[in-house]
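Worksheet: one structure, shown below.
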Amino acid sequence: MNRTKINILLKAAAPDDNVLLKGWVRTRRDSKDFSFMEINDGSCLKNIQVIADSDLNNYEAVKKITTGSAVAVTGSLIESPGRGQKWEIKAQNVEIISIAPDSYPLQKKRHTDEFLRTIAHLRPRTNKYGAGFRIRSELSFAIHRFFKEKGFKYIHSPIITGSDCEGAGELFRVTTFDRGVPQSQEKQPGYTEDFFGAETYLTVSGQLAAEMFALALGDVYTFGPTFRAENSNTRRHVAEFWMVEPEMAFCDINGNMDLGEEMIKYLVACLLEECPEDIELFARFVDKKLMAVLDNIVKSDFVRIDYAEAIDILKKTKRKFEFPVKFGTDLQTEHERFLTEHYFKKPVIVINYPKTIKPFYMRLNDDDRTVAAMDVLVPGIGEIIGGSQREERFDVLQARMQATGVDPQNYWWYLDSRKYGTAPHSGFGLGFERLLMLVTGISNIRDVIPFPRTPGNIEF
RNA sequence: UCCCCAGUAGCUCAGUCGGCAGAGCGAGUGGCUGUUAACCACUAAGUCCGCGGUUCGAGUCCGUGCUGGGGAGCCA
């Protein structure tokens, strides 16, 4: 007999006198002539209650089953006479697969996130983290579904790279040398003797690769791991995270904003539809305002304003900011959050930033002082999407590279795309973990990634 | 990297003015019970984060290091 997963059992329409379930014991309570066991197999948030009668031939062993133990139960799915659940299992046989010793760290009570981080290998067995990682899985598939429905092609951009892409953040070096790159007498790095014969890093973005493929396949996206060696220590940063990066040919900044807004709404609506129980756990125990936030995202139109307008709003408000507001400086976290959380109280897309604070590949506007950049800001998180229309004009791009200290020779292949059949195109990057934080209300990014990598932390 | 806060039983925490190390939960044992993070009783469980200092005496005060959290910067 094949095992039936608990999410299927709990959705049963009728009793079934012959089922097999396998899972882990969340709690066990003894009664006079039988024992109650709550079993969870990870297929859904809910446990199923098993009644183990004292006439089971191994009842003495069953009474020693502990929290965390693995069991296989054959029996009947019957309507529960007790309150609190519709269905339960009357066991005919309880096979004890393994007993968890009393050192099992997960107790039948709430633990702090900080403690659970120290047992990251066990935390998916808790309700909250199980729900979080089921949502992570659903959200991944929803992203692929969204792009597939819109006719995008999925591109696997390289993880090992020879270019530092947009010069975003510190890079992790990749080498086969035992102790890093050897230095010769003249202090010249010996990269030529290394595996690739050149300096090599872990990627910080798949954007440049995606651009090349957008100019061939039309609409494409990447969805994969990226790496930053920044010594960032905040609840919003990790060294290894996943990014979604769509790139569209023949698309300007407006089409880019449309896609970003449509995508976020689609993904939130999907989760509300497909993971209502898991989302509800977060709405009840993690963030009381979660449902209102998600509802707001799905129903309201995102505000679209110019960077210059944003600066005006920030200057006019009575609110005091730690950092001064003036045209030409980037918006600080406090500014972004003021705009989206207090002023507009919904997602905001800010466009047309000064060129001086944005990278070379963003398209120069006609005013010659701003670029067609866009940031999507959401309540609670701040910036969740950063993107732009790309500079498709060869001469302008080359000039912008030189102006920002990027050597065009290192990007000859990127410039080639502007030489041969160049066309307007746009794209953006969305931090997958930040999106997860938004939809779950989880406030620390380390809690939405299975084994988070942060400075000084690589235990698991 | 900078600023602020914290570190006491397996977990969550209290510990007053510097004077015998505590509670709840969890665990173990026993009892009771169609129970719902059950309930009742008993038992075990401590490098008070490390190092140094002040003091007759330090969980408590001082210095320093480490770890964790929050905020900032960098960014997604």
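When reading the values below, keep in mind they use all heavy atoms of this one structure, side chains included, and skip hydrogens, waters and symmetry mates. Here is the naming used below: chain letters follow the sequence lines, and residue numbers restart at 1 for every chain.
Geometrically, Arg125(A) does not engage Tyr104(A) in a cation-pi contact defined by less than 6.0 Å to the ring centre and at most 45° from the axis.
Comparing G68(B) with U12(B), their P atoms are spaced 15 Å from each other, to the whole Å. Across the C1' atoms, A41(B) and U60(B) are found 35 Å apart, a figure rounded to whole Å.
Within 4.0 Å (heavy atoms only), Phe241(A) reaches at least one base atom of the nucleic acid. Counting non-hydrogen atoms under 4.0 angstrom, Pro105(A) reaches nothing in the nucleic acid. Using a 4.0 Å heavy-atom cutoff across all strands shown, Glu240(A) reaches no nucleic acid atom at all. Looking at heavy-atom distances under 4.0 Å, Asn444(A) makes contact with sugar-phosphate atoms alone, never a base. Note on Phe323(A): only backbone sugar-phosphate atoms sit closer than 4.0 angstrom, heavy atoms only; bases stay farther off. Counting any heavy atom pair closer than 4.0 Å across all strands shown, Glu334(A) reaches no nucleic acid atom.
Taking the six-membered ring for Trp and the full ring otherwise, the centers of His144(A) and Tyr221(A) sit less than 6.0 Å from each other. Between Tyr414(A) and Tyr361(A), the gap from one ring centroid to the other reaches at least 6.0 Å. Between Phe34(A) and Phe36(A), a ring centre-to-centre spacing shorter than 6.0 Å is recorded. Between Tyr154(A) and His156(A), the ring centre distance stays below 6.0 Å.
Using modelled atom types, one finds no donor on one side chain facing an acceptor on the other under 3.5 Å when comparing Glu247(A) with Ser426(A).
In this structure, U67(B) forms a base pair with A6(B), meeting either the Watson-Crick or the G-U wobble geometry with both donor-acceptor distances under 3.5 Å.
An OP1 or OP2 oxygen of G71(B) is reached within less than 4.0 angstrom by no side-chain nitrogen or oxygen of Thr333(A). Listed pair Lys32(A) / G31(B) fails the phosphate criterion, with no side-chain N or O lying under 4.0 Å from OP1 or OP2. Contact between the side-chain N/O atoms of Arg29(A) and the OP1/OP2 oxygens of A38(B) is found at a separation under 4.0 Å. Applying the 4.0 Å criterion to OP1 and OP2 of G73(B), one finds that Gln332(A) has a side-chain N or O inside that range. Contact annotation: Ser232(A) does not reach the phosphate of C75(B) (side-chain N/O to OP1 or OP2, under 4.0 Å). Residue Arg236(A) places at least one side-chain N or O under 4.0 Å from the OP1 or OP2 atom of A72(B). Checking the phosphate oxygens (OP1, OP2) of G69(B), a side-chain nitrogen or oxygen of Arg117(A) falls inside 4.0 Å. An OP1 or OP2 oxygen of U35(B) is reached within less than 4.0 angstrom by no side-chain nitrogen or oxygen of Ser31(A). Contact check, Arg235(A) against G69(B): no side-chain N or O comes under 4.0 Å of OP1 or OP2.
Counting distance only, with no hydrogens placed and no angle test, the side-chain atoms of Glu114(A) and the base atoms of U12(B) include no donor-acceptor pair under 3.5 Å. Side-chain atoms of Glu88(A) come within donor-acceptor range of the base of G34(B), with a qualifying N/O pair under 3.5 Å.
Comparing Ser80(A) and Val238(A) by the nucleotide of RNA chain B whose heavy atom lies nearest to each, the residue mapping closer to the 5' end is Ser80(A). With RNA chain B read from its 5' end, the first of the two nearest nucleotides for Thr234(A) and Gly82(A) is the one closest to Gly82(A).
Closest to the His237(A) side chain, of the nucleotides U36(B), C74(B), U33(B), is C74(B). Of the candidate nucleotides C11(B), G34(B), G73(B), C11(B) has the atom nearest to the side chain of Gln107(A). For Asp102(A), the side-chain atoms get nearest to A27(B) when compared with the rest of A27(B), U1(B), C74(B).
What separates CG of Asp33(A) from C1' of U33(B) is a distance of 10 Å, to the nearest Å. Rounding to whole angstrom units, CG of residue Leu430(A) and P of C75(B) are separated by 18 Å. Atom NE2 in His111(A) sits roughly 8 Å away from atom C1' in G26(B) (whole-Å rounding).
With Tyr353(A) as reference, Asp375(A) is the one residue of Asp375(A), Asp330(A), Thr370(A) to meet the side chain to side chain donor-acceptor pair (under 3.5 Å) rule.
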